[in-house]
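These notes are about the structure you will find just below.
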Number of protein chains: 2
Amino acid sequence: MIGDRWSLLIVRDAFDGVRRFGEFQRGLGVSKGILSTRLRELVARGVLETEPVSDESAYQDYVLTAKGRDLFPLIVALRQWGEDHCFGPAERHSALVENETGEPVGRLEVRSKSGRKLTPSETTVHKLSAQRRAAGRRGK
Amino acid sequence: MIGDRWSLLIVRDAFDGVRRFGEFQRGLGVSKGILSTRLRELVARGVLETEPVSDESAYQDYVLTAKGRDLFPLIVALRQWGEDHCFGPAERHSALVENETGEPVGRLEVRSKSGRKLTPSETTVHKLSAQRRAAGRRGK
DNA sequence: CCGTATCCATTCCGATACTG
DNA sequence: CAGTATCGGAATGGATACGG
């Protein structure tokens, strides 16, 4: 659904307030043809929607839907992982900060409903209805 | 780095305890050639590492490194988004639960360092060193 | 059981030219 | 500015056959 080279980058820029075709295009350095296709797919899949720009324009803006906004934790998770492991301190270009305080947002953590932090090995995927995938030994 | 069709699925299965080549192959239904390439890339990129299996085997296991384990929030974020928006209640196959209680893990949330939940519009990407991308109007 | 090698189809992408 | 059309090349993936 978002597993190509550009879709998630488009969504990320949308979170950053990018709305116009050319803005995505210049910001990402993607060719116009691909961008056109990706925007159309994201709209078709309900991640973005087109919105008539205020008064009189022949064109529209592309804005996140509720479904698209729900990708926020995913985008933040990917950003934090990239900052931690894919860039040295030298080439770190940006940080996600809280508007009010200007402080970087906290680290994403998987927690139980009671609020305890969970490590991967403290969780298990529980099958609801055995389907095709062999119920091979999983978890520990 | 993980932007192809299979890498993240391999990582997900690794979190679920999958370690062997054939186990990945049957579980995902991926062709052996692609799986071989992807595993080699993930090892080269430091997400997985090979580990000699206990006693006497010609082969190795593929296990997550620390870098790979740090993808846990990302995997959970993607899983939750998929459950919320890509499957109806009917075709929901599995749930990530806490081992001790059997209860589903809590929802991932972006929080400030002080613990307050943050919406996308309450955050801004702060540029550390202006680089190539036009400092176009961002955030609100 | 664990891969590699080969072949082929599909998808993805970038560059360019064109329309309104 | 906002796209569409076309082309060629690269990446991706599936199937199959083969070897340790």
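Predicted model only: the values in this text are computed from it and were never measured.
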Can you name the residues that form a side chain to side chain donor-acceptor pair (under 3.5 Å) with E51(A), not counting sequence neighbours?
R19(A)

Would you mind listing every side-chain hydrogen bond (donor to acceptor under 3.5 Å, both in side chains) that reaches into residues 67-78 of chain B, with sequence neighbours excluded?
H85(A)-D70(B)

Nearest whole Å is fine: how far is dC1(C) P from L35(B) CG?
14 Å

ring-ring contact (aromatic ring centres under 6.0 Å, His included) against F72(B), all qualifying residues, sequence neighbours excluded
F15(B)

Applying side chain to side chain contact (heavy atoms under 4.5 Å, CB included) to F87(A) and not counting sequence neighbours gives E91(A)

Ignoring backbone atoms, test whether R20(A) places a side-chain nitrogen or oxygen under 4.0 Å from the OP1 or OP2 oxygen of dC1(D).
no

Distance, rounded to the nearest Å, where Q25(A) contributes CD and dC13(C) contributes P:
15 Å

Sequence-aligned protein contact record of nucleotides 3-20 of chain D, with B where the base is within under 4.0 Å of a protein heavy atom and S where only the sugar-phosphate is
BB-------SBB-----B

Could you give the CG-to-P distance, from L42(B) to dG3(C), as a whole number of Å?
14 Å

Would you sketch DNA chain D in dot-bracket for me? Only Watson-Crick or G-U wobble pairs with both distances under 3.5 Å count, crossing pairs as [ ], other-strand pairs as |, the rest as dots.
||||||||||||||||||.|

Given E98(A), which partner from the list R116(B), K117(B), R111(B) fulfils the salt bridge (charged side-chain N to carboxylate O under 4.0 Å, His left out) test?
R116(B)

Round to the nearest Å and state the distance from E23(B) atom CD to dC2(C) atom P.
9 Å

So, using side chain to side chain contact (heavy atoms under 4.5 Å, CB included) as the criterion, who are the partners of S31(B) when residues are at least two apart?
I34(B)

Could I get the full list of side chain to side chain contact (heavy atoms under 4.5 Å, CB included) partners for R5(A), not counting sequence neighbours?
none

Residues at least two apart in sequence or cross-chain that pass side chain to side chain contact (heavy atoms under 4.5 Å, CB included) with L35(B), listed by chain then number, are I10(B), F21(B), F24(B), Q25(B), V30(B), L39(B)

